[in-house]
Structures are given as structure tokens and as C-alpha cells.
Amino acid sequence: ANATTRYLEIINLLKSQNLIDIIGDQGHGFSTTEPAPMRNHRANLDRLAATGLPIHITELDIPGIEDEVQLANYKRIFPVFWEHPAVAGITLWGYHQDTHWRRTSGDWLMWGNEAEGAQRPALKWLVSYVSNNLPQIAPDQEFDVDENAATGTAVGRVSVTDADTGQTLSGWQIEAGSGVPVFEIDAASGAITVVDGAALDFETTTSYTLDVSVYDGYRRSETQTVTVNVNNLNDNAPAITSGQSFAI
């Protein structure tokens, strides 16, 4: 945080003189290893983005002698930079085993020697990740539910498409909305059900909103709002007793 504060002083000085077009931020592995949490990097990116200048992550290298360690590190680190709206680009600081400057910590992405050209799992994941299309939840979806529906009643399944082949959509979740206490969504299928039937009452609330998203194995979709309308069954209409008579 202190380094970012000092860096911002320099950036703003240059900006005041129209001497800067883009912010460079080095991404060496020794600055992203635990216990330096990525939320700190995200917060620092937010501070840099407040200048209005685009950010370029330079000299990114991510360690891992063991394939599974490097893969986990890439999944933990790379999306924080790639998905930040102010980041305009990322430069990998080498990728080949024979020429990488951090060979002792396993930062290379392609094997050399006998395994020339072989991609490590982290590189295979990276190629798929950056080319991945976000799943698209159809906008303006509406569902209906009766006001006397019991807890556990199925409401409907949220519709979604994905341009990528072979993707398994999972991790459906409700991000926000007025219907959060009344409905839930199945993480695997996107099916909405009632979890508090007693709360359904047309005379109190005629419709609810649910802001939902889904994960495709690489990235989470943008949030879309679906609406659940409550059907009026006139349960609370005044009853007129039959057989009544009056004398005047």
C-alpha cells in the first residue's frame, strides 16, 4: 500500500504535465506469492485505476516447480489481473524452460530439451482461459408462482447459452435481489425453488427479483436479473355467506 501511494504521487505528477499515457505494474512471482493475498493487488489496481489511466501488467512470471502448484498459482493470480476493467494488457516475462530467467522456481510454461515445445498444464489452462467466452444468461426472464405455493415448490430453470463447446456450467448463485429470503437456486442446474412459502402473499408483494450468475469452469458470467411473479389466488378476499336474508 505504501509503495502504491508513492507510485501514485509520481503518476499524478506526470499526469499533470501530460507526460504519461499508461501505467505499468510489474507482476513478478515474488510479489504475488502467499501470504500476499490477491485482494491486496486488486485493491491497489483499483487505486491506480482511479487515475483514469489504463494499466499494463508487465513482467508477469508465476512460480511452481510442480505442475499442480504452478497451475493453482495461475488460477489464483492471473484472473485478478485479467478481469480487472482497468487492465489493458499483460506481458509474460518469458515462457520457455531453457531461456526463462526464473528457472530455479519453475516459472517457465513450456518444457525444453527432450520435451521441446511441450506445454505445462498452466499454459494449457491459460490458453483456454483467455479464449473463453462468457456464458450468457438470457435477459428479462420471468417465472410465475402461486401465492399458496409450499416450501420446496419448483419455480423454473434459468436459461443460459455458452458459445464454447464442452463447457460444464456450474456454481449457479443468487447475487442479490428482493427474492433472496424467499427463493434459492440449485448450484448445478440453475433451477429456482421456493424456500419460504409462508412469505408468498400477492397482497404484500406481487413480484420478486433475483440477480443470478453462473460459472463455466473458467469465469463467472455477468449477472442477469430474473423476475418471479406471484399469482393472486384471492385467498384474502372477503367471503360472503350464502343463504342470508334481510327484512325491511
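Computed from heavy atoms alone, side chains included, the values below leave out hydrogens, waters and symmetry copies.
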Let me confirm one number: the [atom1]-[atom2] distance from [X] to [Y], rounded to the nearest 0.5 Å.
{"X": "T225", "Y": "E175", "atom1": "OG1", "atom2": "CD", "answer": "10.5 Å"}
{"X": "R219", "Y": "E83", "atom1": "CZ", "atom2": "CD", "answer": "4.5 Å"}
{"X": "L13", "Y": "K15", "atom1": "CG", "atom2": "NZ", "answer": "12.5 Å"}
{"X": "N44", "Y": "M38", "atom1": "CG", "atom2": "CE", "answer": "10.0 Å"}
{"X": "I174", "Y": "L210", "atom1": "CD1", "atom2": "CG", "answer": "4.5 Å"}
{"X": "H28", "Y": "R102", "atom1": "NE2", "atom2": "CZ", "answer": "8.0 Å"}

Does some side-chain heavy atom of [Y] sit less than 4.5 Å from a side-chain heavy atom of [X]?
{"X": "M110", "Y": "L123", "value": "yes"}
{"X": "T227", "Y": "F143", "value": "no"}
{"X": "T193", "Y": "F183", "value": "no"}
{"X": "V158", "Y": "I185", "value": "yes"}
{"X": "L200", "Y": "V182", "value": "yes"}
{"X": "I23", "Y": "I11", "value": "yes"}
{"X": "Q173", "Y": "Y215", "value": "no"}
{"X": "Y208", "Y": "V180", "value": "no"}

Is a side-chain donor-acceptor pair under 3.5 Å present for [Y] with [X]?
{"X": "S189", "Y": "D186", "answer": "yes"}
{"X": "D162", "Y": "N133", "answer": "no"}
{"X": "N229", "Y": "E142", "answer": "yes"}
{"X": "D61", "Y": "W101", "answer": "yes"}
{"X": "R220", "Y": "S213", "answer": "yes"}
{"X": "R120", "Y": "Q70", "answer": "yes"}
{"X": "Q26", "Y": "T58", "answer": "no"}
{"X": "T223", "Y": "D211", "answer": "no"}

Other residues, nucleotides, ligands: >12 heavy atoms within 6.0 Å of W82 CH2: no
Flag if over 12 foreign heavy atoms under 6.0 Å of CD, E222: no
Between [X] and [Y], which heavy-atom pair has the shortest distance, and what is it?
{"X": "T104", "Y": "I65", "answer": "O-CD1, 3.4 Å"}
{"X": "N231", "Y": "D146", "answer": "ND2-OD1, 2.9 Å"}
{"X": "V80", "Y": "L45", "answer": "O-CD1, 4.0 Å"}
{"X": "F202", "Y": "V230", "answer": "CD1-O, 3.1 Å"}
{"X": "D46", "Y": "H84", "answer": "OD1-NE2, 2.6 Å"}
{"X": "V69", "Y": "G64", "answer": "CG1-CA, 4.1 Å"}

Check for a donor-acceptor pair, side chain of [X] on one end and backbone N or O of [Y] on the other, with a separation under 3.5 Å.
{"X": "Q97", "Y": "G112", "result": "yes"}
{"X": "T205", "Y": "D201", "result": "no"}
{"X": "S221", "Y": "V214", "result": "yes"}
{"X": "E68", "Y": "E66", "result": "no"}
{"X": "H100", "Y": "L109", "result": "no"}
{"X": "D164", "Y": "Q167", "result": "no"}

side-chain hydrogen bond (donor to acceptor under 3.5 Å, both in side chains) pairs, two or more places apart, involving residues 16-25: none
Given V155, T153, V145, the one that forms side chain to side chain contact (heavy atoms under 4.5 Å, CB included) with I192: V155
same_hphob_cluster(L233, V228) at 4.5 Å side-chain heavy-atom cutoff: no
Whether Y129 and Y218 hold their rings parallel, tilted or perpendicular, with breakpoints at 30° and 60°: tilted
